Amino acid sequence: MNNARRKPYPFDRIEPKWQAIWEERQLFHAPNPGEKNFDSVNPKFYILDMFPYPSGAGLHVGHPEGYTATDILARFKRMRGFNVLHPMGWDAFGLPAEQYAIKSGQHPAITTRENVAKFKAQLKRIGFSYDWQREINTTDPRYYKWTQWIFLQIYNSWFNPETNKAEPISTYRGKNPDEVRLAYVAEVPVNWCPELGTVLANEEVVDGKSEIGGFPVVRRPMRQWMLRITAFAERLLNELDGLDWPQGIKLLQSNWIGRSEGAEIDFNIDNHQEKLRVFTTRPDTLYGGTFLVLAPEHPLVDLIVTGEQWTAVREYRERTARKSELERTDLAKEKTGVFTGAFAINPANNEKIPIWIADYVLVGYGTGAIGGVPAHDKRDLEFAKKFDLPILAVVRPTKDEPAIGFAGDGIAINSPIINGLTSAEARKKITAWLEECGLGKGAINYKLRDWLFSRQRYWGEPFPIVWEGGKHRALNENELPVVPPPLDDYKPTGTGEPPLAKAKDWVRYSEKALREANTMPQWAGSCWYYLRFCDPQNDQRFVGEEAERYWMGGEKPGGVDLYVGGTEHAVLHLLYARFWHKVLFDLGYLSKSEPFQRLVNQGVILGEDNQKMSKSRGNIVNPDDVIDQYGTDAFRCYEMFMGPLEQMKPWSMRGVEGVARFLARAWRLLMTENQAGEWELSAKLEDVDPDKAQQKITHATIKKVTQDIESLSFNTAISQMMIFVNAFINAEAIPLSAMRTFLVLLNPFAPHLTSELWEKLNARFQDNVGDITEEKWPGYDERFFVEDEVEMVVQVNGKVRDRIKMSILATNDEMKTAALANPRIQQLVDGKNIRKVVVVPQKLVNIVV
RNA sequence: GCCGAUGUGGCGAAAUGGCAGACGCAACGGACUUAAAAUCCGUUGGGCUUUUAAAAGGCCCGUGCCGGUUCGAGUCCGGCCAUCGGCACCA
């Protein structure tokens with residue numbers, strides 16, 4: 001014998017064996033409609049994981065948490081007769097791969113290939129039942145051909161506000177279609193990250209730093225591709241309602257979209273032709289507007305600034321431009337600003353009010369200009385105090401508190417047209433008045449910005465666009481895919497010029513036309529991968545119509561039936577994908593307007609020290625080490641036993657051991673070790689009827705496990721199976737039928753162990769049963785739980801004082817009589833006045849004295 | 001500041017308004033063993049108390065804090081506190 005630690009059961013032999021069998025027999029392949037073995041009678045179930053970004057570090061224990069949950073559900077649903085689509089793929093374009101490539105000097109295509117191989121081997125080792133025939137990779141030209149194709153659909157569409165839908169650009173009747181395309185080029189202030197040498201989307205900037213790498217980001221105007229996601233703001237917001245998503249994620253997304261309702265008001269400028277438009281949610285406070293503030297970048301500043309103020313204004317604007325996003329949004333700092341020298345007229349009272357510029361007004365939101373109402377807005381109040389501007393209260397609070405600084409709703413005062421009205425009424429009335437006078441109108445504003453869609457990086461999808469005579473134009477579909485040139489030097493240039501521009505031959509598309517050299521962002525590939533999974537090999541279409549209708553359509557809810565992944569994508573992937581989906585839906589390519597009907601977020605797994613896992617803390621758990629020691633079935637079960645799926649929870653090696661012990665006990669329930677140290681089927685196993693108690697616990701376990709899997713309460717399902725094993729472990733005879741049932745219940749959790757035991761049972765009992773993976777899920781019969789006697793709890797004033805065995809058939813009156821006749825209870829209520837007796841049938845009697 | 005989630009033993013946790021702490025970990029005791037590991041059995045929220053003692057009971061307190069609804073509250077309602085997460089000069 002070697003001196004390696006003896007395994008509690010031979011998982012190291014069993015697990016690779018069954019993985020090889022599954023692969024060989026392709027048991028988890030889901031045929032499409034029209035394909036061989038497709039069964040049109042079964043309902044479909046599409047269960048999707050967020051596909052991983054294959055980093056160099058390999059899987060960590062957080063990935064398999066969600067993957068195990070979906071795998072259990074997928075196996076369960078198959079056993080319940082569903083056609084289950086459960087695919088996996090690789091989101092492999094993007095910054096980290098490229099950063100890593102630059103650092104290691106290896107081409108990103110090579111490192112990506114290696115990382116994918118590593119991830120795939122790790123996932124296979126955990127025994128996930130993915131349909132690997134559907135594997136996709138976003139960096140594969142056969143895949144991104146269609147990413148580029150979808151971009152063309154977006155480019156060749158516009159948003160028709162009348163139909164509230166995306167339509168082909170050919171239906172646009174205006175002069176210049178380029179103004180309304182859903183993909184357009186604009187010179188806008190963007191998030192430029194010098195360190196990464198690229199621009200970033202708002203969603204990719206966190207606290208003024210790049211989400212990836214944490215490098216400083218500055219605002220800088222650049223010519224970039226944008227996607228008109230803002231046109232869909234209202235639908236993206238409204239259609240959240242119908243989705244079965246965690247409330248928190250919906251809220252995060254609706255806050256990001258940030259709808260606010262108010263009015264746009266035009267102010268005349270003293271001695272100028274131009275009008276100044278501001279957006280406000282509080283038109284009812286118009287009378288209290290004692291100044292206007294423009295964003296320093298506001299285009300009107302140049303026109304209205306007076307000679308004396310010009311130097312101060314210019315200096316202020318330069319200072320603002322130099323500031324990083326982080327400095328500018330620092331809340332702690334004092335308000336700053338400069339007077340432009342110009343005045344506007346408040347349309348409500350015709351007062352002349354000064355126009356200032358200040359960096360607390362953002363050029364990107366609303367109209368980039370605000371009416372300063374210092375009495376009822378905290379920021380305006382700070383500003384007015386700092387620069388000694390007049391403060392006029394126009395809302396009286398309904399409770400006893402000072403009017404100055406009151407930002408809530410109250411009663412309008414000092415406002416002739418609306419005096420005495422509630423704020424809500426006042427808003428309505430003054431908006432109507434503004435509209436009548438042509439001074440403004442009701443308006444809705446969104447925080448959501450258009451999606452900055454180009455990157456100055458190498459490792460991404462090239463745009464299917466060429467430039468000719470200063471104008472962009474789409475390539476033909478038959479020119480796809482546009483494959484990037486092989487580049488030895490793919491480093492960012494740092495100047496904002498994309499690395500692809502270095503490939504002069506590639507860029508030269510024709511005599512007159514040059515290729516677009518920017519690439520698409522990381523998110524492009526993941527915006528539609530769930531569609532490609534439905535029909536991954538199709539080279540005629542991004543997804544076949546029938547396949548799309550089957551997997552993404554169907555009865556309500558339809559679409560992806562369950563999508564599991566982390567919260568970190570709440571406003572990135574999940575918003576972008578919904579946007580693309582809606583465009584494709586409007587253009588008639590898809591069955592449903594929403595992609596993901598039900599979303600579940602798995603909780604973060606912390607290190608044993610209760611801290612976030614990180615290299616620097618040294619508390620990272622590597623799945624491979626756990627599997628080496630305890631086997632993958634134990635790993636899977638532990639991930640699920642830790643606690644509720646959606647909860648944040650710390651890892652515990654001891655906990656893994658406990659679950660491993662449970663599996664070993666289940667193994668020994670059926671197997672014994674002989675003299676030679678070999679495992680063989682236990683002699684206690686018999687083809688006999690279970691006794692009453694065994695029957696009861698078997699059916700109770702079927703019920704609990706079935707319901708708990710449906711509700712994703714995997715931890716309590718495992719608890720119940722532990723109770724089952726504990727109940728049988730010392731039985732004289734182990735009834736075969738109960739064991740068969742149990743193995744099927746445990747199979748989704750521990751597929752290798754149960755497959756092996758099932759095979760052993762088949763060999764001994766030869767009752768013509770096939771592979772466990774193809775078994776039907778067992779049903780349960782409530783009759784087996786019902787007992788002749790129940791234990792009735794007797795309470796006095798809500799406190800448990802005794803328990804009495806009662807027949808299940810006992811009436812309420814009989815229960816009451818029995819309780820009152822009980823000597824202990826008699827003692828307690830003796831001499832007291834019984835005021836009330838509450839009876840809960842078959843459960844409890846409460847005597848109130 | 002705003003929004004959201006969470007708060008139960010030494011730890012991870014469980015409980016359709018009806019016996020709080022299932023299941024697991026850790027700890028302690030025992031069996032097996034030359035010994036250890038493994039395995040199996042038992043005890044395990046806190047305090048008080050009855051019995052010579054053990055066995056077995058009994059009483060009180062206990063689900064972040066304060067109040068309410070109810071025969072009965074971890075669960076429902078109101079108010080606070082703490083931790084975590086998100087958003088944040090969004091007009």
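Bear in mind that the values here come from a model prediction, so they are computed numbers and not experimental data. Order of the sequence lines sets the chain letters (A, B, ...), proteins ahead of strands, with each chain counted from 1.
- Distance alone, capped at 3.5 Å, is enough to place a donor-acceptor pair between the His376(A) side chain and the Val395(A) backbone.
- In Lys378(A), the NZ atom is not crowded: 12 or fewer heavy atoms of neighbouring residues, nucleotides or ligands sit closer than 6.0 Å.
- For a distance-only test at 3.5 Å, the side chain of Arg835(A) fails to qualify as a donor-acceptor partner of the base of C71(B).
- Note on Lys799(A): a side-chain N or O is less than 4.0 Å away from OP1 or OP2 of C61(B).
- Residues Met613(A) and Val621(A) have side chains in contact (heavy-atom distance under 4.5 Å, counting atoms from C-beta outward).
- Across all strands shown, Leu844(A) has heavy atoms under 4.0 Å from base atoms, whether or not it also approaches the sugar-phosphate.
- Looking at Gln720(A) and Thr701(A), their side chains do bring a donor and an acceptor atom within 3.5 Å of each other.
- Distance check, rounded to the nearest 0.5 Å: CG of Leu237(A) to OG of Ser254(A) gives 6.0 Å.
- In this entry U6(B) has A82(B) as its Watson-Crick or G-U wobble partner, both defining distances falling under 3.5 Å.
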Original post:
Just by protein heavy atoms under 4.0 Å, how would nucleotides 20-30 of chain B read 5' to 3' in B, S and -?
Top reply: --BBSSS----

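- Base pairing annotation: C71(B) forms a Watson-Crick or G-U wobble pair with G18(B), both donor-acceptor distances under 3.5 Å.
- The closest donor-acceptor contact from the side chain of Asp266(A) to the backbone of Lys275(A) lies at 3.5 Å or more, if one exists at all.
- Between Thr567(A) and G86(B) there is no side-chain N or O to OP1 or OP2 distance below 4.0 Å.
- Among the protein residues, Pro644(A) comes within range of the sugar-phosphate backbone only, with heavy atoms under 4.0 Å from sugar or phosphate atoms but none that close to a base.
- Remark: Lys335(A) qualifies as a cation-pi partner of Tyr360(A) under the 6.0 Å distance and 45° angle criteria applied to the six-membered ring.
- Side chains of Tyr365(A) and Ser260(A): a donor-acceptor N/O pair is present below 3.5 angstrom, by distance only.
- Put simply, Arg824(A) has a side-chain N or O that comes within less than 4.0 Å of OP1 or OP2 on G58(B).
- Between the side chain of Lys843(A) and the base of C19(B) there is no donor-acceptor pair of N/O atoms closer than 3.5 Å.
- Across the P atoms, C48(B) and A37(B) are found 35 Å apart, a figure rounded to whole Å.
- There is no side-chain donor-acceptor pair under 3.5 Å between Asn601(A) and Glu646(A).
- Listed in residue order, the members of residues 282-293 of chain A having a heavy atom less than 4.0 Å from RNA chain B come to none.
- Across all strands, Asn445(A) comes closer than 4.0 Å to no nucleic acid atom at all (heavy-atom distances).
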